[in-house]
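Structure first, then comments.
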Amino acid sequence: MAGRLAVVSGGGTGIGAAVAGTFARDGYDVLIVGRRADVLTDTAHRISVDCGRTDAVSAVTADLTDPDHLGRVLAAIGDRPVDVVVNNAGGYLAGDTGTLAGTAAHWRANLDANVLTAVLLTEALRPALRRPGGRVILISSISAQRGGGGPYSAAKAALHGWAYDLAAQFGPEQITVNVVSPGYVAETEFFGDRMTAEGHTKRVAATLVGRAGVPDDVAEAVRYLASPAAGYVTGQVLGVNGGSVLGR
């Protein structure tokens, strides 16, 4: 995969950092994008050192809900074709839902963070995607399939419908579009300080394999979908959840 380029949003921590590390070890050049410059810089340096290529991973600080920030990403890739874009940015954003105005703000924030970030990054990179052979991968959530997250669940479910549209648009150009839908993944910032020992135990018990997921579990699924081996796989939702939700 030498000379190939992967762009990973939300690449500073957790699943995004694991995806970036997997691509870097496979010989890709990787651009990670996020809002926290210090976290991105540290992650880019750590992965680059770990894989023995000092410039394997570079970073761009950008708020992907702001169209004006997408120019930073385009400037960083220059005229290079993009082989893989992984839309991982997002998360659950809490809000005050005691009023209709608060509810509207809560929903808009979650839709922006989880849907608009993916839409704007993908549309910005659309002309640069490698033809044939490009890959667009969206990171969703088990909550899109079973609910439980309110606006977060709705936002992640929206990615599924959009992925089907994109797959139809890009298919004639031999670009695939797929969704990875993780279940409970430990060792991320997703739950912040909300996770309790009881919550962890309950989520592990809901799996068929008796353990929590880790970021590398998701990264390996992304790795497969980005590989030549998955050239005939598009418009699909791949659950990585230990059997917490069975195939649908």
Side-chain angles (χ1 to χ4, degrees), residues 1 3-24 26-48 51 53-91 93 109 111-131 133-140 155 158-159 162-163 165-166 169-170 173 175-180 189 218-219 222-223 225-226:
M1 297 300 174
R4 298 207 161 198
L5 175 63
V7 178
V8 182
S9 69
T13 62
I15 290 171
V19 169
T22 296
F23 281 137
D26 282 347
Y28 281 80
D29 295 328
V30 184
L31 178 67
I32 55 175
V33 185
R35 294 178 297 171
R36 296 178 292 175
D38 55 342
V39 172
L40 291 170
T41 299
D42 289 348
T43 298
H45 176 72
R46 173 180 58 80
I47 295 173
S48 296
C51 72
R53 292 189 294 129
T54 57
D55 58 350
V57 183
S58 56
V60 169
T61 306
D63 179 351
L64 295 178
T65 66
D66 185 341
D68 291 339
H69 284 208
L70 272 300
R72 303 176 186 179
V73 180
L74 295 178
I77 66 171
D79 59 0
R80 294 188 62 179
V82 175
D83 294 276
V84 187
V85 54
V86 180
N87 288 291
N88 173 68
L93 279 68
L111 289 167
D112 282 357
N114 293 284
V115 180
L116 191 61
T117 54
V119 170
L120 292 182
L121 181 60
T122 302
E123 288 302 313
L125 295 178
R126 180 187 284 256
L129 286 169
R130 186 180 293 278
R131 292 165 169 81
R135 302 285 191 260
V136 177
I137 300 169
L138 312 176
I139 306 300
S140 175
L159 293 178
W162 181 54
D165 282 347
L166 280 183
Q169 292 171 25
F170 282 135
E173 299 177 273
I175 296 170
T176 66
V177 182
N178 291 288
V179 178
V180 175
E189 296 181 340
V218 183
V222 172
R223 183 190 196 188
L225 291 173

Exercise. Which pairs pass salt bridge (charged side-chain N to carboxylate O under 4.0 Å, His left out) with one or both residues in residues 116-127, sequence neighbours excluded?
Worked result: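 Output for this query lists Glu123-Arg126.
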
Exercise. Can you list every salt bridge (charged side-chain N to carboxylate O under 4.0 Å, His left out) pair that touches residues 55-81, not counting sequence neighbours?
Worked result: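 Sorted pair list: Asp29-Arg80.
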
Separation between [atom1] of [X] and [atom2] of [Y], rounded to the nearest 0.5 Å:
{"X": "Asn178", "Y": "Leu225", "atom1": "CG", "atom2": "CG", "result": "5.0 Å"}
{"X": "Arg35", "Y": "Thr61", "atom1": "CZ", "atom2": "OG1", "result": "11.5 Å"}
{"X": "Tyr28", "Y": "Arg223", "atom1": "OH", "atom2": "CZ", "result": "9.5 Å"}
{"X": "Ser58", "Y": "Ile32", "atom1": "OG", "atom2": "CD1", "result": "8.0 Å"}
{"X": "Ile137", "Y": "Thr176", "atom1": "CD1", "atom2": "OG1", "result": "7.0 Å"}
{"X": "Asp112", "Y": "Leu93", "atom1": "CG", "atom2": "CG", "result": "9.5 Å"}

Problem set entry | Verdict with supporting geometry, Phe23 and Val57, side chain to side chain contact (heavy atoms under 4.5 Å, CB included) | CA-CA 9 Å; Phe23 281 137; Val57 183; over 6 Å; no

Among residues at least two apart in sequence or on other chains, which ones pass side chain to side chain contact (heavy atoms under 4.5 Å, CB included) with [X]?
{"X": "Leu64", "result": "Ser9, Val33, Ala62, Leu70, Val73, Thr117, Leu121"}
{"X": "Ser140", "result": "Ala144, Lys156, His160, Val179, Ser181"}
{"X": "Ile77", "result": "Leu5, Val7, Leu31, Leu74, Val82, Leu125, Ala128"}
{"X": "Thr122", "result": "Asn87, Val136, Trp162, Leu166"}

At their closest point, which heavy atom of [X] faces which heavy atom of [Y], and how far apart are they?
{"X": "Leu40", "Y": "Ala59", "result": "CB-CB, 3.7 Å"}
{"X": "Val39", "Y": "Gly12", "result": "CG1-O, 3.6 Å"}
{"X": "Ala155", "Y": "Asn114", "result": "CB-CB, 3.8 Å"}
{"X": "Thr43", "Y": "Gly11", "result": "CG2-O, 3.7 Å"}
{"X": "Ala158", "Y": "Val115", "result": "CB-CG2, 4.1 Å"}

Exercise. Where the side chain of Arg131 meets the backbone of Ile175, is there a donor-acceptor pair that is under 3.5 Å apart?
Worked result: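 Absent.
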
For this session: Please lay out, stage by stage, how Leu120 and Thr65 fare under the test side chain to side chain contact (heavy atoms under 4.5 Å, CB included).
Result: CA-CA 7 Å; Leu120 292 182; Thr65 66; 5.6 Å; no

Exercise. Under the side chain to side chain contact (heavy atoms under 4.5 Å, CB included) criterion, do Leu116 and Leu111 qualify, and how do the steps go?
Worked result: CA-CA 7 Å; Leu116 191 61; Leu111 289 167; over 6 Å; no

Problem set entry | Identified side-chain contact (heavy atoms from CB on, under 4.5 Å) counterpart of Ile15 within the set Asn88, Val222, Val180 | Asn88

For this session: Could I get the full list of salt bridge (Lys or Arg N to Asp or Glu O under 4.0 Å) partners for Arg130, not counting sequence neighbours?
Result: Asp83

Exercise. Can you list the residues that meet the salt bridge (Lys or Arg N to Asp or Glu O under 4.0 Å) rule with Arg36, with sequence neighbours excluded?
Worked result: Glu189

Exercise. Where do Val86 and Ile139 land on the side chain to side chain contact (heavy atoms under 4.5 Å, CB included) test, with the steps shown first?
Worked result: CA-CA 7 Å; Val86 180; Ile139 306 300; 4.1 Å; yes

